Amino acid sequence: MGFLGNDHDDGVQQTQIVIRNGREVLLQAFNWESRKHDWWRNLERKVPDIAKSGITSAWLPPATNSFSPEGYLPQNLYSLNSSYGSESSLKALLNKMKQYNIRPMADIVINHRVGTTKGHGGMYNRYDGIPISWDERAVTSCTGGRGNRSTGDNFNGVPNIDHTQDFVRKDIIGWLKWLRHNVGFQDFRFDFARGYSAKYVKEYIEGAKPIFSVGEYWDSCNYKGTYLDYNQDSHRQRIINWIDGTGQLSTAFDFTTKGILQEAVKGQLWRLRDAQGKPPGVIGWWPSRAVTFLDNHDTGSTQGHWPFPSHHVMEGYAYILTHPGIPSIFYDHLYDWGNVMHDQIVKLIHIRKQQDINSRSSIRILEAQANLYAAIIGEKLCMKIGSGSWCPTGPEWELAAHGHQYAVWRKLNSRRIMVQ
């Protein structure tokens, strides 16, 4: 697990520099209902606050034409008029983000695509009359096309794209380059990354050269009935295998950490230390490639497929915003759950930056009991969550933030200690 040492491509090197620095803070800048609210204009108004909050990259919903209004059943990939707003509104938003030095992240939905006309088997698996006008060879044989079998899991109910086809990959790279260089997106989020081989993600990143990429490799954690297993090593290994398959060029959402953390805060904080004494998610094994989060448009919002316990959300942010990995904030928590939560989250982001905590910061887990978790990160910050009482010893520690069942301390420098 290291960096590719023989790649002289400037775009790929830029990707590596961002990953190596490890100081990103992401925002998922939408939820499942955003399409109903003139979204591009809504976000444009919030750009100054997003920048002030310390966000480096904002993941936007799928910006291209889609059969479904939320954007996840794409059709005409080159049309930027969507239910989120017009092409002109989108470009105004992207320009505003550029002014405030926030990188726009495009939602790349390339596992499946809805056809315009019926073809083989009477299915909508032809793309006539629109740019990228593929025929049935572009659709996997397992989802009704004339292509090869899928290199991943099927997304049922719609034609799945056959990435083994040279012409398909060429067209996708052309489209990604257009998003990157003509439209103005800088980062990519790969939707349903389980659906096709990670080696194609590597090819797409090398072709289009996003500054930062993250993949949604989401499969189920290990359960016994409804009880989450303590050991989730096989789950996080699958995510790590996917990252490796991208040539280590992409990060991945740390679904393992989400699954464990949202059980842990219910009074099982012992789960937050694995058998080796490390964090139990992907951040425990490969933190520089792990994007931690509490909820997204699928798990939370109005879909609520796998929501984080609402009364423990700030404990969750106290964990991911102080720990190694690359933290991602959910729009709802920052903007829909009230000013108090907004300000608490922003305070934690600022503490992270002030103490220079990054994706590779060291961690020493001091307590992991049912009702108490405590850790020192980067030897510059310490934190605790849970109902148990705990605080660090020594005059060098100053309480920096606290709330319901969480507290964060920062280490003072020696000069400030002497002044006291």
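Please read all numbers here as calculations on a predicted model, not as lab measurements.
The backbone N or O of I377 sits nowhere less than 3.5 Å from a side-chain atom of S361 that would complete a donor-acceptor pair. Judged purely by atom type and a 3.5 angstrom limit, R169 uses its side chain to pair as donor or acceptor with the backbone of H163. Between the side chain of Q75 and the main chain of G115, a donor-acceptor pair closer than 3.5 Å is present.
Among pairs with a residue in residues 375-384, those fulfilling side chain to side chain donor-acceptor pair (under 3.5 Å) read R364-E379, at least two apart in sequence or across chains. Among pairs with a residue in residues 328-341, none fulfils salt bridge (charged side-chain N to carboxylate O under 4.0 Å, His left out), at least two apart in sequence or across chains.
A distance below 6.0 Å separates the ring centres of F253 and W59. In this structure, the ring of W178 has its center less than 6.0 angstrom from the ring center of Y78. Side-chain rings of Y200 and Y196 stay apart, their centers remaining 6.0 Å or farther from each other. The ring of Y373 has its center closer than 6.0 angstrom to the ring center of H323. Aromatic ring centres of Y217 and H235 lie farther apart than the 6.0 Å criterion allows.
Crowding of K46 atom NZ: a count of heavy atoms from other residues, nucleotides or ligands under 6.0 Å exceeding 12. Heavy atoms from other residues, nucleotides or ligands lying under 6.0 Å from NE2 of H120 number more than 12. Atom CG of N101 sits in a sparse spot, with 12 or fewer heavy atoms from other residues, nucleotides or ligands closer than 6.0 Å.
With respect to D219 and R194, no salt bridge is recorded, no charged nitrogen being found less than 4.0 Å from a carboxylate O.
Side-chain contact between Q262 and W306 is present, with at least one heavy-atom pair separated by less than 4.5 Å. Between W285 and P279, the closest side-chain pair of non-hydrogen atoms is not below 4.5 Å. Y319 has its side chain within reach of T257: a pair of non-hydrogen atoms, C-beta onward, lies under 4.5 Å apart. With a 4.5 Å cut-off on side-chain heavy atoms, M341 and L334 do not count as touching. Proximity of E33 to K36: side-chain heavy atoms (C-beta onward) are separated by under 4.5 Å at one or more points. Between Q186 and M105, the closest side-chain pair of non-hydrogen atoms is not below 4.5 Å.
For the atom pair OG1 (T292) and OH (Y317), the distance works out to 9.5 Å, reported to the nearest 0.5 Å. The CZ atom of R352 sits 15.5 Å away from the CZ atom of R410 when rounded to the nearest 0.5 Å. Here the CD1-CD1 distance, from I329 to I320, works out to 5.0 Å after rounding to the nearest 0.5 Å.
When each of N76, V114, L77, I130 is checked for a side-chain contact (heavy atoms from CB on, under 4.5 Å) with N65, only N76 meets the rule.
Shown here are the salt bridge (Lys or Arg N to Asp or Glu O under 4.0 Å) partners of K266, two or more places apart in sequence or in another chain: E263.
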Test salt bridge (Lys or Arg N to Asp or Glu O under 4.0 Å) applied to R236 and D233, step by step
CA-CA 5 Å; R236 58 177 165 174; D233 287 357; 2.9 Å; yes

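Between V139 and D162 the shortest heavy-atom distance is C-CB, 4.2 Å.
Classified by interplanar angle (parallel below 30°, tilted 30° to 60°, perpendicular above 60°), the ring pair F255/W218 is parallel.
Defined by atom type and a distance below 3.5 Å, a donor-acceptor pair is present between the side-chain atoms of N222 and S234.
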